[in-house]
> 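Please find one structure pasted underneath; my questions will follow.
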Amino acid sequence: MPWPGESLKGWPDGELRIPMRLSQYFMPILRDDPKEAEIVSHKLMLRCGMIRQEAAGCYSWLPLGFRVLKKIEQIVREEQNRAGAIEVLMPTIQPADLWRKSGRYDAYGKEMLRIKDRHDRDMLFGPTNEEMITDIFRQGVKSYKDLPRNLYHIQWKFRDEVRPRFGVMRGREFLMKDAYSFDLTREAGQHSYNKMFVSYLKTFARMGLKAVPMRAETGPIGGKDSHEFLILAETGESGVFFDRAFLDMDWTAFDIDYDDVGAVARVVEDFTSKYAATDEKHDAAEFDRRVPEAARVTGRGIEVGHIFFFGTKYSEPMGAVVQGPDGKMVPVESGSYGIGVSRLVGGIIEASHDEAGIIWPEAVAPFKVGLINLKAGDADTDAACETIYKALEAKGVEVLYDDRDERPGGKFATMDLIGLPWQVIIGPRGLKDGIAEVKNRKTGERENVALATLLERF
RNA sequence: CGGAGUGUAGCGCAGUCUGGUAGCGCACCUGCUUCGGGAGCAGGGGGUCGGAGGUUCGAAUCCUCUCACUCCGACCA
């Protein structure tokens, strides 16, 4: 991976790195596709026992799915932190008054889940947090000297979609990272926007995705500048049109200094200079004029991120003002920046699977290695597997050990289905010659590796 | 929110038209034989048939109401 040394260490998520014996795990595999699942990621997530539907658009995350969700969340967190954003955590339930102030309580419509508490007070399950964060910011910051700031949280949202579908891709309850920037001037706000832009490219690239930034509608959030980040997938909900040159760009070359305004702007410039648009913003004439025919890519995409620069849209009505150097009170310039964390789980599967199952990019894989004991119960294979399992554990390699007393065929099928990047296959046949078989899930390549050097592979 | 459909065992389904002992495959449990890409045989466990009313000697099946879920269209991280 492009950014070696990234890890979950230092966060509670590190606890998720523990290895596991399949005989002691909870991973209810289905052999058949549940009928309600229409798209491949939904089918695979259900078949792998990653999620379970509790109501339309609401899911329980079972152990395997939970691990992936947490890994994605942690990558998002690391890249937000690196770009200078500061993590907070706001509640899922918000008072309606906050939304009355911004005027969105009525404007948001039925998509907002409205509830009353025991005192008959109007509450709501937050679909987003512009109002709340602006209020928090307003109370905490009074001077231009306290700017810029960018606060984010990773929290469950609820949008009472008319028609939830496609599993976690369009759930009603979903995990979203949302960040909010506050600046004194338009120019400074633009830099904050640009930093998020670059960090998004990097965040998605770390997950093995090429998420193409496209000029977007601002929708109910409102504002001036907006980009959506879309990954290509046939089952995507948006039509996309873009220059093939995007796919050939170096998606790993923006390990830049986020304080370098010019450098950040150049990356944004680089990634916005080529044509890329969703069907909403698509201009066929411009597409034809700017993109040579051979380079025109049309297809479908999944929106995994969306950034907005909306200036003073919320700061003005909500009185989020600071005192400038000249002593005057000015409303702050803001932007908001979302990443669909739970949607990404489905999105990555849509972008990375084959006939046999999921193919996890290593950075988000629930385990790095699947250790297959082909003959559980046989003293020699048991002992060899046990040694390898312990050694991988000691080395900090996340391993799922299939120690069940099952037939080899089923174990292979299960391991392919859940898509761990590496399979280490141990059977009497290989053991006789002191070798293990190492299979790369993505390429299908198998290699015989001497047991003595096996550990060096991981 | 308009249109279409489905609810029967963990999953996939039959049975409903024509009322009469709740079934099949996979999964699960036991035993034996197997064991390098989803084995075979034998035995076994598991269901208030989405819910509530009604008709009937008798309802998964007929009637009424209701709930949930899925799909297609207009909206969205």
> Just grab all the side chain to side chain donor-acceptor pair (under 3.5 Å) pairs involving residues 268-279 of chain A, residues at least two apart or on different chains.
Tyr275(A)-His282(A)
> Which residues pass the side-chain hydrogen bond (donor to acceptor under 3.5 Å, both in side chains) test with Ser192(A), not counting sequence neighbours?
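Counting only residues at least two positions away or on another chain, Ser192(A) forms a side-chain hydrogen bond (donor to acceptor under 3.5 Å, both in side chains) with Asp183(A).
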> Checking side-chain polar atoms at under 3.5 Å, does Ser181(A) have a donor or acceptor matched by the opposite partner on Tyr337(A)?
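There is such a pair (donor and acceptor under 3.5 Å, judged by atom type) between the side chains of Ser181(A) and Tyr337(A).
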> So, using ring-ring contact (aromatic ring centres under 6.0 Å, His included) as the criterion, who are the partners of Phe412(A) when residues are at least two apart?
none
> Looking only at N and O atoms, is any donor in the side chain of Asp416(A) or the base of G37(B) less than 3.5 Å from an acceptor on the other one?
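Yes, the side chain and the base share a sub-3.5 Å donor-acceptor pair.
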> With a 4.0 Å heavy-atom cut-off, tell me which residues in residues 429-444 of chain A come close to RNA chain B, sorted by residue number.
Arg429(A), Gly430(A), Glu437(A), Lys439(A)
> If a protein heavy atom is under 4.0 Å from the base, mark B; if only from the sugar-phosphate, S; if neither, -; do that for nucleotides 22-28 of chain B going 5' to 3'.
---BSS-
> Got a list of side-chain donor-acceptor pairs under 3.5 Å for residues 56-66 of chain A, not counting sequence neighbours?
unit_1   : atom_1 : unit_2   : atom_2 : d
Tyr59(A) : OH     : Gln53(A) : OE1    : 3.2
Ser60(A) : OG     : Glu54(A) : OE2    : 2.6

> The criterion is side-chain contact (heavy atoms from CB on, under 4.5 Å); which residues satisfy it with Ala376(A), sequence neighbours excluded?
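For Ala376(A) the side-chain contact (heavy atoms from CB on, under 4.5 Å) partners, ignoring immediate neighbours, are Asn373(A), Asp382(A), Lys411(A).
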> Mind checking what makes ring-ring contact (aromatic ring centres under 6.0 Å, His included) contact with Trp99(A), not counting sequence neighbours?
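Only Tyr108(A) meet the ring-ring contact (aromatic ring centres under 6.0 Å, His included) criterion with Trp99(A).
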> Report yes if at least one side-chain N or O of Arg163(A) is closer than 4.0 Å to OP1 or OP2 of C72(B); otherwise report no.
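Indeed, a polar side-chain atom of Arg163(A) lies that close.
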> Measure all distances between protein nitrogen or oxygen atoms and nitrogen or oxygen atoms of nucleotides 5-8 of chain B, and list the pairs falling under 3.5 Å.
unit_1 : atom_1 : unit_2   : atom_2 : d
U6(B)  : O2'    : Lys35(A) : NZ     : 3.4

> If you measure from the P atom in C63(B) to the same atom in U55(B), how many Å do you get, rounded?
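To the nearest whole Å, 15 Å.
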> Only counting residues at least two apart or in another chain, list the ones meeting ring-ring contact (aromatic ring centres under 6.0 Å, His included) with His353(A).
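Expected list: none.
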> Using the ring-ring contact (aromatic ring centres under 6.0 Å, His included) criterion, which residues pair with Phe174(A)? Sequence neighbours excluded.
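Checked Phe174(A) against ring-ring contact (aromatic ring centres under 6.0 Å, His included); zero matches.
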> Can you sort out the partners of Arg404(A) under side-chain hydrogen bond (donor to acceptor under 3.5 Å, both in side chains), two or more places apart, ordered by chain and number?
Asp402(A)
> Tell me whether Phe174(A) and A77(B) count as stacked here, given that the ring centres must be under 5.5 Å apart and the planes must differ by less than 30 degrees.
yes
